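Here is the structure we will look at, set down as structure tokens.
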There are 2 protein chains.
Amino acid sequence: MAALSSGSIGSLDPMSDRAVFRQIADRIREAIDRGTFREGDKLPSETELIEYFGVSRMTVRNALQLLQGEGLVVSEHGRGVYVRPRPPVRRLASDRFARRHREQGKSAFIVEADAAGSHPAVDSLEVKEERPAPEVATRLGSPHRVLARRRRYLLDGRPVEFATSYLPLDIARGTPIAQPNPGPGGIYARLEELGHRLDHFEEEIRVRMPSPQEVKVLQLAAGIPVIHLVRIAFDSDGRAVEVCDTIMAADAYVLSYRLPAT
Amino acid sequence: MAALSSGSIGSLDPMSDRAVFRQIADRIREAIDRGTFREGDKLPSETELIEYFGVSRMTVRNALQLLQGEGLVVSEHGRGVYVRPRPPVRRLASDRFARRHREQGKSAFIVEADAAGSHPAVDSLEVKEERPAPEVATRLGSPHRVLARRRRYLLDGRPVEFATSYLPLDIARGTPIAQPNPGPGGIYARLEELGHRLDHFEEEIRVRMPSPQEVKVLQLAAGIPVIHLVRIAFDSDGRAVEVCDTIMAADAYVLSYRLPAT
DNA sequence: GATCGCAACTCATCTAGACGACTAGGTGTT
DNA sequence: AACACCTAGTCGTCTAGATGAGTTGCGATC
């Protein structure tokens, strides 16, 4: 391992107050920042780091765990620890629901991903009627039951987003919206065809670490937060016609918004 | 510790493939979800968990570290491990830069926090001219130097946001904008007085785990991501007159946007 | 040539124990 | 009353080692 024999990771300061495992993490972090290790590169193995720094196994592992928690590296059982590669990001612009984007045959996700050169896919489709959670119910006028549309989006085989749309039954039941594939332009196009002219959307963004279930569904590595986005669609009567609850892998997205100055 | 003696944390399944420390974390997580432990409650000490589950210290610590990484608990040296209390959140609405909000004497941050019943504060004020980073320079028309305004915002004594505004010198130099306190309505009010009528803003949002430096400045607990928000202000000529780079403690914010359907 | 199996290397989990540092509360002194 | 000190309890750091499990490459076998 050249990075080790040449000493380019640096060495510890025995006088420092800083814990040894933090110093080791610092050295490795600096080496990554400096470009000594690049995206996808394998770090020295635990054994090599133990010998290089002259510390015990736990100390090295603590250092690596720290870096994992920062999302800087990922460890792969039986293979090694790697500098985390940055996945392609989806840019979500604030005009992404503009009517003019709704004219096409495919869903916005597919069109956009194709344009970006990625392989898009949608799976885990589920469409069913159910009892809404209180937050959803309140937004939709407290119906007893709603139509829930669940789906998971993948980019180049990697899950990036898990979304559930909730719609009142008086709007969605018996329409293409209640079908697994609602047709060209997605459910917003169908809503407008059904006479619910969309006026605007409200989005609320929260950010946190994922629950174990979210880690599983989105196959998240350690140190990757999730973006919890709740979007409400309003028609021209001011009625909320859809609530969309989305969990996104934070490293796969850049959200972009345009705000008026007035 | 009642939660232990009554067995309300649950027990391990020795047959399970799931690692013991994960099972312990699961049990504690369930107990928190169930309300057995509430916000701010102290968890059983490591020693108590060791005895309760019959495992070694490292195993218990691994479990607790897992929960810390999820942002569920915080450990306090010498005191114990506590269910993480949720701080008051700042809601940022998409009309927060509307002209009508700019008429008041105090800064938007102070007004808004006062209204929410929190104690706001701003510190770490720094205003100076410097060489812009490439991303900033590009946005502002590649000037050699820019005015940088740095400040840190606190809510009830806790740092929640660290922001830097960059402005071209031909706009800001020698104006109140170059003063530590730019006066009522903030720099956007001053920009408009100087004839730069603001037209709109563009915000870009990225989410990730904090760097060690960000952990220090924002005093972030383990398991708290940051929101990296970059806002660009455009005047009515389409010129970018300010770039504002902000790092926010993710648990202190809810971002809210209104999107047009057209 | 294809396949199987083994060995070497990797990280994952767990144990047992030691010492350090911080906190909180009580004790005793000033 | 204020202060210094001690002590028990807590988490933080580190060591040394054992065992398990996933990955990879190579050689032997078919």
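Here the structure is a predicted model, which means the values were calculated and not measured. Order of the sequence lines fixes the chain letters, A, B, ..., with proteins taken first and strands second; residue numbering starts at 1 for each chain. Keep in mind that the numbers below use all heavy atoms, side chains included, and drop hydrogens, waters and symmetry copies.
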### Query
Partners of B/Phe162 by ring pair (Phe, Tyr, Trp, His ring centres under 6.0 Å), sequence neighbours excluded?
none
### Task
For B/Glu129, check side chain to side chain donor-acceptor pair (under 3.5 Å) against everything at least two apart and list the hits.
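Once residues adjacent in sequence are excluded, the partners of B/Glu129 under the side chain to side chain donor-acceptor pair (under 3.5 Å) criterion are B/Arg173.
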### Task
Not counting sequence neighbours, which residues clear side chain to side chain donor-acceptor pair (under 3.5 Å) with A/Glu51? List them please.
none
### Query
Quick one: side chain to side chain contact (heavy atoms under 4.5 Å, CB included) partners of A/Asp13, sequence neighbours excluded?
A/Met15, A/Ser16, A/Gln23
Residues in salt bridge (charged side-chain N to carboxylate O under 4.0 Å, His left out) contact with [X], at least two apart in sequence or another chain:
X: A/Asp123; result: A/Arg152
X: B/Lys128; result: B/Glu130
X: B/Arg22; result: none

### Summary
Per-nt protein contacts along nucleotides 11-18 of chain C (heavy atom under 4.0 Å; B base, S backbone sugar-phosphate only, - none) come out as BBBSB--B
### Task
Give me the first and last nucleotide of DNA chain D, going 5' to 3', that has any atom under 4.0 Å from a heavy atom of chain A.
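The protein-touched segment is D/dT13 to D/dT24.
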